[in-house]
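Input: a single structure, listed below in structure tokens.
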Amino acid sequence: MRNAEVARVLQDIADLLEIKGENRFKIRAYQRAVLSLEHLTEEVARLVAENRLRKISGVGEAIAAKITELVNTGHLRCYEELKAEFPEGISTLLEIPGIGPKTALLLASELGIKTATDLEAAIDDGRVAALPRLGKKTAQNIRHHLETLRRKDRRIPLGEALTIVEEVVSRLTDFPGLKNLTPAGSLRRFQETVGDIDLMGTADDPEAVTRAFAGLPLVSEVLARGPTKASVIVAGGLQVDLRIVAHDEFGSLLQHFTGSKQHNIDLRERAVHLGLSLSEYGITEIKAGKLEKFATEEAFYARQGLSYIPPEIREGRDEIELAAAHKLPILLVREDIRGDFHVHSDWSDGRESLADMARAAQACGYEYIGFSDHSAGRGIAHGLSVERVRQQLAEIKRLNETISGIRILSGLEVDIRADGSLDMPDELLAELDIVTAAVHSSLNQDEAKITARIIKALESPHVDVLAHPTGRLIQQREPAAVDMEAVLEAARRTGTAIEINAMPDRLDLKDTHVYRARELGVRLVIGTDSHHRDHLDNLRFGIGVARRGWAQAADILNTRPLAEVMEFLGH
DNA sequence: GCCGTTTTCGGCCCGACTGTTTTCAGTCG
């Protein structure tokens, strides 16, 4: 049983306990366990088998027993009993904004509502408004939420959100007296999808800023606007909330709205034991009752005796503990990157020449660039034949003699066939500087088959890097059923690097697998998969994912000087 | 239900908004 399935059952238990009106700390205990499972870098089934469940933070005796029963038998008796106490489907009502546990129970038990459609009908004929504690206004609010939910029922990918937020920021950035304009929330933490965008800033005249913000041309609807905050819908249906405070309060504000929720809960729980109370307004010494303000996040964390915690790792793992001991790793930064190995040219499906891409890479400050055009595999656009690869090799040799200041490495993105063989002959691969292998077809093979297929490719002495290991496209294509633990183990054994593909709709390897790869000592590579010079900038998404996986510069092959890279590649 | 630099028992984050319950519960982030 997969971690996600176990997490889903525990989440449902938490929801049902909430509806039941159970002790809220018990509910929180389940929610914390769910989060731990989502961050877990090993298979929970393995932890059950090895009796190591209690090692997971937030999993105690009772939840460990439940996970064990669930994994071993496929069922959980107390869960079945809990479900039987309530009308079927009741917990799905909680997904509708404005409906919490009390309202869900009321709707399900009094009106027999199971779905959004039932609910809509009950609102329209007045049954919802007639319920105790609800009224006409509440019913209409729920109706409105249902409609917006139908228009936009999904989170949007990080890449799209970032483009929009940068547009907003660039239009406000020169506004007189406005400072510190920064996106917060899941966007700042580089989560792969975001629900809405929270913008924070400080200003001499906050109201003038919210007015200008609400009047921006890309705003399609103003939901609310007051003296210090405004909420708008921008083109594409995305909600953007802006909040402006005085300059000396920015640190605590940004910290609060960056989250994550669990990180803030953990932080505040710890603060209580230190006699401090934290909020978006600052820190209050509980005894003295006096509020201290913080202009920067660094000062806010320092007041609690903590090192600065980078946003990407504020996820409620063990970052606070490590910050208290001043033992947080120094995460990778963009300036650490010295090159890119996943770049296409117009020899296959890229849009630019080798020379132009090399110069663009040089303009990024890189020491080296590795081309990885497609091989002639089945179904791949303009894949290179053996003969064309040899021609490209000669061209790269010539370019290295004429272009100075950057070293061009020859390579291929060779296709891993359905049986795990590579679609280019070994003799040719041996002539290349760097060979990247990837699956592009038959992505629906079962777990055993696709895992064995990838491992077979890793075992080829010529393969240096495995690219976009699961083939997922965020919100478009599910990841292949790869047993990532087995693949990472094979990568470690064979000394093959694993790519963090930086295309914003791939981000594959994902953050939790980056964390696991590091634990196992697998070398990682950030590849942009650029088909145009503008794509080289997608590096920042790869950096974000790497940082979410706690990666340091030393974990990433393309932060290393050329000589060390060549040594890794066996040249 | 979990957990321990006060604690194996007694704690467990903080604040804002909304609607309707004349004093606050429910929901959200």
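Reminder, nothing fancy here: chain letters follow the sequence lines and each chain counts from 1.
Take A:Gln31 and apply the side chain to side chain contact (heavy atoms under 4.5 Å, CB included) test, not counting sequence neighbours, and it matches A:Ala14, A:Glu18, A:Ile27, A:Arg28.
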Donor-acceptor pairs are to be reported for all side-chain atoms of residues 86-110 of chain A against protein atoms at under 3.5 Å, with residues two or more places apart or in another chain.
unit_1	atom_1	unit_2	atom_2	d
A:Ser91	OG	A:Asp12	OD1	2.9
A:Thr92	OG1	A:Gly89	O	2.6
A:Ser109	OG	A:Leu105	O	2.6

Which donor-acceptor pairs under 3.5 Å do side chains of residues 274-288 of chain A form with protein atoms, sequence neighbours excluded?
unit_1	atom_1	unit_2	atom_2	d
A:Ser279	OG	A:Tyr281	N	3.0
A:Glu285	OE1	A:Arg303	NH2	3.2

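Side-chain contact between A:Val194 and A:Ser186: present, with at least one pair of heavy atoms (C-beta onward) separated by less than 4.5 Å.
Take the nearest nucleotide of DNA chain B for A:Ile265 and for A:Asn23: the residue whose nucleotide is more 5' is A:Asn23.
Nucleotides B:dT6 and B:dG11 have their P atoms positioned 16 Å apart, rounded to a whole Å. Nucleotides B:dG29 and B:dT22, compared at atom P, are 27 Å apart to the nearest Å. For the C1' atoms, the distance linking B:dT7 with B:dC2 amounts to 14 Å, nearest Å. Going from the P atom of B:dG15 to that of B:dG10 covers 27 Å, rounded to whole Å. As rounded to the nearest Å, B:dC3 and B:dC13 have P atoms that lie 14 Å from one another. Using atom P as the reference point in both B:dA16 and B:dT23, the two lie 23 Å apart (nearest Å). Straight-line distance between the P atoms of B:dG1 and B:dT5: roughly 24 Å, to the nearest whole Å. Between B:dT18 and B:dC12, the two C1' atoms lie 27 Å apart (nearest whole Å).
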*Per-nucleotide protein contact string for nucleotides 6-11 of chain B (B base, S sugar-phosphate only, - none; heavy atom under 4.0 Å)*: BB----
*What one-letter contact string describes nucleotides 24-29 of chain B from 5' to 3', where B marks a base within less than 4.0 Å of any protein heavy atom, S marks contact via sugar-phosphate atoms alone, and - marks no contact?*
--SSSB
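Within residues 43-67 of chain A, the residues that place at least one heavy atom under 4.0 Å from DNA chain B are, in residue-number order, A:Ser57, A:Gly58, A:Val59, A:Gly60, A:Glu61, A:Ala62, A:Ile63, A:Lys66.
A:Ser277 has a side-chain polar atom (N or O) that falls below the 4.0 Å cut-off from OP1 or OP2 of B:dC14. When the side-chain nitrogen and oxygen atoms of A:Arg270 are compared with OP1 and OP2 of B:dT5, none of them lie within a distance under 4.0 Å. Residue A:Thr138 places at least one side-chain N or O closer than 4.0 Å to OP1 or OP2 of B:dT20. Between A:Tyr281 and B:dA16 there is a side-chain polar atom (N or O) within less than 4.0 angstrom of OP1 or OP2.
Under 4.0 Å is where a charged nitrogen must lie from a carboxylate oxygen, and between A:Asp505 and A:Arg477 no such pair does. With respect to the salt-bridge test (charged N to carboxylate O, under 4.0 angstrom), the residues A:Glu489 and A:Arg46 do not qualify. Looking at A:Glu5 and A:Arg8, no side-chain N of the basic residue comes within less than 4.0 Å of a carboxylate O on the acidic one, giving no salt bridge. Using a cutoff of 4.0 Å between basic side-chain nitrogens and carboxylate oxygens, A:Asp508 and A:Arg506 are not scored as salt-bridged. Looking at A:Glu319 and A:Arg314, no side-chain N of the basic residue comes within less than 4.0 Å of a carboxylate O on the acidic one, giving no salt bridge.
The distance from atom NZ of A:Lys137 to atom P of B:dC17 is 15 Å, rounded to the nearest whole Å. In this entry the distance linking CD of A:Gln140 with C1' of B:dT18 reads 15 Å, nearest Å. Following rounding to the nearest Å, A:Gln262 (CD) and B:dC14 (P) show an atom-to-atom distance of 14 Å. As rounded to whole Å, 10 Å separates atom P of B:dC2 from atom NZ of A:Lys26. For the pair A:Glu321 CD and B:dT5 C1', the interatomic distance rounds to 13 Å; values are reported in whole Å. Between the CD1 atom of A:Ile320 and the P atom of B:dC12 there is a distance of 17 Å, rounded to whole Å. Atom CG in A:Leu253 sits roughly 14 Å away from atom P in B:dG15 (whole-Å rounding). For A:Gln31 and B:dC13, the CD to C1' distance is 13 Å, given to the nearest whole Å.
At a threshold of 4.0 angstrom between heavy atoms, the contacts of A:Leu278 are confined to the sugar-phosphate backbone, with no base atom among them.
A:Gly542 and A:Ile500 get closest at one heavy-atom pair: O-CG2, 4.1 Å. What you find for A:Asp118 and A:Gly112 is that their closest heavy atoms are OD2-O, 4.2 Å.
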*Go through A:Lys55 and A:Glu50 one step at a time and tell me if the salt bridge (Lys or Arg N to Asp or Glu O under 4.0 Å) criterion holds.*
CA-CA 11 Å; A:Lys55 293 261 192 304; A:Glu50 296 173 6; over 6 Å; no
*Please test A:Glu192 against A:Arg548 for salt bridge (Lys or Arg N to Asp or Glu O under 4.0 Å), starting from the C-alpha separation and ending with a verdict.*
CA-CA 10 Å; A:Glu192 61 195 38; A:Arg548 284 182 62 81; over 6 Å; no
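Across all strands shown, B:dC3 is found opposite B:dG10 as a Watson-Crick or G-U wobble partner, with both distances under 3.5 Å.
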